[in-house]
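Here's the structure we're looking at; comments come further down.
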Amino acid sequence: MAGKTLYDKLWESHVVHEEADGTSLIYIDRHLVHEVTSPQAFEGLRLAGRKPWRNNTIVANPDHNTPTKDWDKGIEDPVSRLQVETLDNNIKEFGALVYFPFKNKDQGIIHVIGPENGTTLPGMTVVCGDSHTSTHGAFGALAHGIGTSEVEHVLATQTLVAKKSKRMLVRVDGQLGTGVTAKDVALAIIGKIGTAGGTGYAIEFGGEVIRALTMEGRMTLCNMAIEAGARAGIVAPDEKTAAYLEGRLHAPKGEYWAKALAYWNTLKSDEDAEFDSVVVLNGAEIAPQVTWGTSPEQVLPIGATVPDPAKETDATKRTSIENALKYMGLTANTPIEQIQLDKIFIGSCTNSRIEDLRAAAKVAQGKKVASSIKLAMVVPGSGQVKRQAEAEGLDKIFIEAGFEWREPGCSMCLAMNADRLSPGERCASTSNRNFEGRQGPGGRTHLVSPEMAAAAAIAGHFVDVRTV
Amino acid sequence: MKAFTTLNGLVCPLDRANVDTDAIIPKQFLKSIKRSGFGPYLFDEWRYTNYGEPGMDCSTRPLNKDFVLNLPRYQGAQVLLARDNFGCGSSREHAPWAIEDQGFRVIIAPSFADIFFSNCYKNGILPIVASSAQVDALFKECEAQEGYRLQVDLASQTVTTPSGHSFTFDITPTRKHNLLNGLDEIGLTLQHADKIKAFEQKHQLAQPWLFA
Ligand code: SF4
């Protein structure tokens, strides 16, 4: 018999019950909660007279609706404010392990605060009513997004009804060139397998390039597994994982730490494990990536030109290229480096961690944002990231270069708060989705790494960060 | 959850691949703390020519006359015909809530995004995966024939076209049973409460730090 994959091990260690058709009850160790997808779940619980099964598995905080400046003014939009207050009240009523209300010094994007407080650990099952829960797979956890009915189900039963996914290995061999980041790897993978390429799969990321990535880089990569269609992305834990976690607030302590380490060491795919699908990329061939269209799979290396629908033979693909070019206001065959930008957004659960900010600051240091850029903003992922960045003087570098330095939150990743693009505006963004209207109605989003976003801010258009 | 047994419904064809949940229901409507009332905002940016805000009265908003949902022949449709990777993107259950609120009970596509797919079942919507060739044929027939309806029967797992052609679809026995009977999943799971507790004890012994 073939060995087991990491996914098999994570799955099997959480099965509570299995039906004949494979439908299973999976035990959930960590439940992350934010204000947008939880109110109806708590309301359902209340209406049924139920209580959370284990409220000390809950880590919660508002992030989508919170403003990123003038915190003293509170949340101006009454609808947003009500949603955030509803979360406050629900947590007050039902309890949680960790709750950072709006303006708390540690508040931030849920996928940033979970790991940095040591509440995401190898071997766990982690869920959240948010598709980018895949981020936490970077720690060797089985982590994925769920809908609001499932949020209620997890609250009430500590389990999820699920079926096992197929197993895909995405191996990135070799080494990345300088200026090429985890974000570029993620985009290159999506460019290769498409946004539905991972549908029905849990992806394990492996290979030399993945092992060489920092924890921040692995989070960026797993964050975007969902953009490849896979609910979960996983990286096997190693000494970097342990080093990142040691000493964090909720990480195991004392005798538990040693025991946990011993267990985490078993969390890897066996040598003879079999995957249902294997995709291989060569790290050395990956260049900095830029999306040109309205789906993350519409991505190209920086040196390329925008595609020409006339050259596409498949009718459906041709139509989607035409639709995307029209929405994006781009002409076929334009070199990507000639695309002029209006706004720059450095932030989101993909790229708002300290390492991302350091990388962007390094590019921006001593330079000025181009005068044609209307707004360049840096939104740290959490209060902790913000304080760390300020301690290192990164805020000064950004401000001197002409960037705005904001309070933490989701911000212009999905523009539920006041930060958004106006119709027709073009943005280089370090977030994860370039869908129509994602950053504001009519807004045009190009996804890039933090380094590429900073370089684009300075130049006013895209540039190859390897040459600046 | 709402039960689903059979449906004879008018079909509306949405000829676009990779329709994401941001397109199905834009984020500004996610600020609601309710579960209902999303129907008028379904496909908001495609459906209206002005920018939609939560709470707006949609009956007076300017319509995009070309958008398929606005064509008179598709008013009252209950079956949504779609293309590959329908429902990709965010996990927002507001997407199936909006689809259901608009009156759709069945979605037929060659493929769906995983989270959206499971969210449908929680809301009494039946997502049907059909082959690309089959979906192509349905698009052609539906566009050619005004008043095109499909007969969907969950018990026999069949879809029948007006000409009497029928094809079958897959669904797991558990999902089928729950949907046919409109069962409350949480109630069902809580019948296994003893198993969950037993698992928890074993799990705590193996990884005590998760319970510290
Ligand atoms: S930063 Fe963006 S993708 Fe991440 S949780 Fe917030 S809205 Fe979602």
Side-chain angles (χ1 to χ4, degrees), chain A residues 16-17 19-23 25 27 29 36-37 39-40 43 48 50 53 64-65 77 79-80 82-83 86 121 123-124 129-131 145-150 152-153 156-159 161 163 195-196 199-200 229 231 252 256 259-260 263 295 316 320 323 414-416 433 435-438 441, chain B residues 1 15-18 20-23 26-28 30-35 45 51 54-55 83-85 88-94 96-97 111-116 118-119 122-123 172-175 184-190 192-193 195-196 198-200 203 206-212:
Chain A
V16 173
H17 171 77
E19 301 283 345
D21 66 358
T23 307
L25 269 188
Y27 190 81
D29 296 312
V36 179
T37 53
Q40 298 87 350
E43 183 64 15
R50 291 174 176 136
W53 183 280
H64 286 58
N65 278 283
D77 176 355
V79 193
S80 290
L82 176 64
Q83 200 167 52
T86 303
L121 301 174
M124 272 185 167
D130 193 293
S131 57
I146 55 177
T148 296
S149 297
E150 291 173 319
E152 185 182 339
H153 193 280
T157 71
Q158 211 56 45
T159 64
V161 179
K163 263 197 105 166
T195 47
T199 304
R231 282 177 85 156
Y256 284 165
K259 274 193 181 161
Y263 176 61
S295 161
T316 315
S320 51
N323 284 342
L414 98 164
M416 254 181 104
R433 287 192 174 133
F435 299 157
E436 287 187 19
R438 172 82 180 178
Chain B
M1 107 173 50
D15 197 359
R16 257 182 112 112
N18 297 316
D20 58 72
T21 52
D22 281 73
K27 70 252 169 183
Q28 61 271 32
L30 274 48
K31 294 180 185 181
S32 168
I33 55 171
K34 298 209 201 87
R35 219 181 168 112
E45 285 180 19
Y51 179 70
R83 293 288 187 188
D84 263 311
N85 201 23
C88 59
S90 102
S91 65
R92 61 188 71 162
E93 201 161 316
H94 312 69
W97 292 339
S111 61
F112 292 87
D114 289 338
I115 304 179
F116 177 83
S118 73
N119 279 344
K122 318 281 175 193
N123 294 283
T172 65
T174 305
R175 277 181 168 152
D184 164 33
E185 218 171 45
I186 294 178
L188 289 177
T189 297
L190 287 174
H192 297 294
K195 274 195 160 180
I196 302 172
F199 176 91
E200 226 162 27
H203 200 48
Q207 296 180 61
W209 57 90
L210 296 181
F211 293 78

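Here the structure is a predicted model, which is why all the values come from computation and not from measurement. Reminder, nothing fancy here: chain letters follow the sequence lines and each chain counts from 1.
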So which part of [X] gets closer than 4.5 Å to some heavy atom of chain A, the side chain, the backbone, both or neither?
X: T21(B); result: neither
X: D84(B); result: neither
X: R16(B); result: side chain
X: P208(B); result: both
X: S111(B); result: neither
X: E45(B); result: side chain
X: F112(B); result: backbone

With the side chain counted from C-beta on, respond yes when [X] and [Y] share a heavy-atom pair under 4.5 Å apart, and no when they do not.
X: H203(B); Y: D29(A); answer: yes
X: V16(A); Y: H192(B); answer: no
X: T172(B); Y: K163(A); answer: yes
X: F199(B); Y: L25(A); answer: no

Largest heavy-atom contact set with chain A, pairs under 4.5 Å, which of I33(B), L210(B), N85(B)
I33(B)
Which one wins on heavy-atom pair count under 4.5 Å against chain A: A212(B), C88(B), S32(B)?
S32(B)
For the student: nearest non-hydrogen atoms of [X] and [Y], plus distance:
X: W53(A); Y: A193(B); value: CH2-O, 3.8 Å
X: G145(A); Y: I115(B); value: O-CD1, 3.7 Å
X: D114(B); Y: G229(A); value: OD2-O, 3.8 Å
X: N119(B); Y: E150(A); value: OD1-OE1, 4.2 Å
X: Q40(A); Y: K34(B); value: NE2-O, 2.6 Å
X: I196(B); Y: T157(A); value: CD1-O, 3.6 Å

So how far is it from [X] [atom1] to [Y] [atom2], rounded to the nearest 0.5 Å?
X: H153(A); Y: L190(B); atom1: NE2; atom2: CG; answer: 7.5 Å
X: F116(B); Y: S131(A); atom1: CZ; atom2: OG; answer: 13.5 Å
X: Q207(B); Y: L121(A); atom1: CD; atom2: CG; answer: 9.0 Å
X: E200(B); Y: T159(A); atom1: CD; atom2: OG1; answer: 10.0 Å

Yes or no on side-chain contact (heavy atoms from CB on, under 4.5 Å) for T316(A) and R83(B), after CA distance, side-chain angles and deciding distance?
CA-CA 10 Å; T316(A) 315; R83(B) 293 288 187 188; 5.7 Å; no
Residue pair R231(A), S91(B): steps toward the side-chain contact (heavy atoms from CB on, under 4.5 Å) verdict
CA-CA 10 Å; R231(A) 282 177 85 156; S91(B) 65; over 6 Å; no
Flag the one option from [options] with the top tally of heavy-atom pairs under 4.5 Å to chain B.
options: E152(A), Q158(A), E43(A), M124(A); value: E152(A)
options: P39(A), S80(A), P441(A), A48(A); value: P441(A)
options: A260(A), A196(A), A20(A), P252(A); value: A260(A)

Regarding D20(B) and R433(A), does a basic nitrogen lie under 4.0 Å from an acidic carboxylate oxygen?
no
Whether the R438(A) and S90(B) side chains hold a donor-acceptor pair (N or O, under 3.5 Å, no angle test) is what I'd like checked.
no
Using a 3.5 Å distance criterion without hydrogens, assess whether the side chain of K122(B) forms a donor-acceptor pair with backbone atoms of T148(A).
no
Indicate yes or no for a side-chain donor-acceptor contact from K31(B) to the backbone of L82(A) under 3.5 Å, with no hydrogens or angles considered.
no
